[in-house]
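Written below as structure tokens is the structure these notes are about.
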Amino acid sequence: MNDASIHSEPRPTEHLEELLSAAQIADRIKQIARAIEAEYRGKKLTLVVVLKGATVFAIDLMREIGIPFVIEFVSASSYGASTTSSGTVRVHGLQRLDLRDRHVILIEDIVDSGLTIQAIITRLRRRGTASVALCALLHKIGAQRVPTEIAYKGFEIPDRFVVGCGLDYAERYRNLRGVYTLTFGPAD
Ligand code: PRP
């Protein structure tokens with residue numbers, strides 16, 4: 001036993017259970033891409049990706065969309081290293097974007113309380129966009145604190161803490177291809 005293990009706190013064990021498989025997610029992304037192509041063909045389309053969690057879903061979705069579009073990124077943060085929303089939303093990166101007359105689809109990994117997306121949409125609509133729609137891989141049912149209209153929705157999920165497909169716990173698990181519930185057991 002070395003000094004580090006003597007002095008470190010016992011860590012609770014983490015348990016992952018698959019909620020959505022990689023195949024389920026890939027199939028749904030194809031369906032969403034077809035719907036976006038049908039709606040936005042011939043229009044000036046900009047996909048605005050909300051960092052960081054939505055990047056994984058966004059990249060998979062972009063590869064499936066067969067019409068021209070511009071990609072932009074904004075960042076929003078509300079969770080930190082906790083599993084519940086702090087309710088505080090900070091948005092960065094919108095001011096530098098030229099979105100006048102653009103049809104914007106916001107890309108999110110998850111709508112939970114809805115506070116993040118509400119904060120971004122409110123700011124976006126002040127920027128002369130032609131339209132704003134929301135595309136979210138996951139919609140956590142029963143967790144909403146504000147009403148949220150999701151034009152392109154991957155899956156509705158129960159009010160559990162989930163990781164994978166871009167979603168993290170303390171920056172871990174974003175790289176999992178499926179979506180998993182994360183629960184904690186007693187320390188080892
Ligand atoms: C997560 C997620 C959404 C937001 C949803 O982001 O990516 O942006 O929370 O929660 P809400 O509907 O309750 O506002 P997070 O703040 O964890 O940042 P990250 O994407 O950089 O991990």
Side-chain angles (χ1 to χ4, degrees), residues 12 14-20 22 24-26 28-29 32 36 46-63 71-97 99 104-127 129 132-184:
E14 296 175 3
H15 179 67
L16 297 176
E17 187 175 343
E18 188 180 86
L19 192 61
L20 299 166
Q24 278 177 287
I25 294 167
R28 189 74 189 112
I29 286 174
I32 292 171
I36 289 173
T46 299
L47 305 182
V48 175
V49 182
V50 184
L51 297 169
K52 298 184 252 183
T55 52
V56 175
F57 168 51
I59 287 167
D60 287 349
L61 179 65
M62 285 175 201
R63 286 178 172 148
I71 306 164
E72 300 287 3
F73 296 89
V74 296
S75 64
S77 182
S78 62
Y79 275 40
S82 166
T83 58
T84 56
S85 174
S86 67
T88 305
V89 179
R90 295 178 297 277
V91 182
H92 304 281
L94 262 183
Q95 292 300 326
R96 62 178 173 76
L97 304 184
L99 297 173
V104 172
I105 303 179
L106 265 173
I107 311 290
E108 261 290 23
D109 50 353
I110 188 166
V111 174
D112 191 333
S113 69
L115 293 170
T116 301
I117 215 63
Q118 183 192 54
I120 297 171
I121 288 175
T122 301
R123 290 162 175 78
L124 260 180
R125 291 214 162 108
R126 297 184 197 131
R127 304 193 59 81
T129 52
V132 178
L134 172 60
C135 174
L137 177 64
L138 304 174
H139 186 200
K140 200 182 269 191
I141 296 303
Q144 278 72 62
R145 287 166 61 181
V146 289
T148 309
E149 186 183 334
I150 306 176
Y152 304 97
K153 184 189 300 189
F155 302 89
E156 292 185 347
I157 61 167
D159 190 1
R160 308 271 303 279
F161 191 78
V162 292
V163 296
C165 209
L167 290 144
D168 73 308
Y169 171 64
E171 297 299 330
R172 291 161 49 224
Y173 302 123
R174 293 191 197 273
N175 55 333
L176 298 178
R177 290 179 181 274
V179 170
Y180 298 79
T181 58
L182 174 63
T183 51
F184 299 90

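Since we're looking at a predicted model, the values are computed, not measured. For ligands, and for the atoms within them, numbers begin at 1 and follow the listed sequence. What's counted below: heavy atoms across the whole structure, side chains too, no hydrogens, waters or symmetry copies.
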Exercise for the section: Identify which of Ala54, Gly53, Gly114 has a heavy atom lying nearest to atom 12 (O) of ligand 1. Expected result: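 The nearest heavy atom belongs to Gly114.
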
Answer side chain, backbone, both or neither: which part of [X] comes under 4.0 Å from ligand 1, heavy atoms only.
| X | value |
| --- | --- |
| Thr116 | both |
| Leu167 | neither |
| Arg145 | neither |

Problem - With sequence neighbours excluded, residues passing side-chain hydrogen bond (donor to acceptor under 3.5 Å, both in side chains) with Thr46 - result: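 Here the qualifying residues are Arg102.
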
Exercise for the section: Kindly determine whether Val132 and Arg125 satisfy side chain to side chain contact (heavy atoms under 4.5 Å, CB included), including the steps that lead there. Expected result: CA-CA 7 Å; Val132 178; Arg125 291 214 162 108; 4.2 Å; yes

Could you tell me, atom by atom, which parts of ligand 1 come under 4.0 Å of a heavy atom of [X]?
| X | result |
| --- | --- |
| Ser113 | 11 (P), 12 (O), 13 (O), 14 (O) |
| Leu115 | 12 (O), 14 (O) |
| Ile110 | 2 (C), 3 (C), 5 (C) |

Handout entry: Side-chain donor/acceptor of Arg123 to backbone N/O of Gln95, under 3.5 Å
Key =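 Here the side-chain-to-backbone pair does not exist.
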
Problem - Pairs flagged by salt bridge (Lys or Arg N to Asp or Glu O under 4.0 Å) wherever residues 154-164 is involved - sequence neighbours left out - result: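 Listed once each, the pairs are Lys153-Glu156.
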
Practice task
Mind listing the closest non-hydrogen atom pair of Tyr152 and Ala133 along with its distance?
Solution key: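 Closest approach of Tyr152 to Ala133: CE1-CB, 4.5 Å.
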
Practice task
Consider ligand 1: state whether an atom of it lies below 4.0 angstrom from any non-hydrogen atom of Arg174.
Solution key: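 Contact check Arg174 vs ligand 1: positive.
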
Exercise for the section: In sequence, state the C-alpha distance, the side-chain angles, and the governing distance for Phe184 and Tyr169, and then conclude on ring pair (Phe, Tyr, Trp, His ring centres under 6.0 Å). Expected result: CA-CA 12 Å; Phe184 299 90; Tyr169 171 64; 5.2 Å; yes

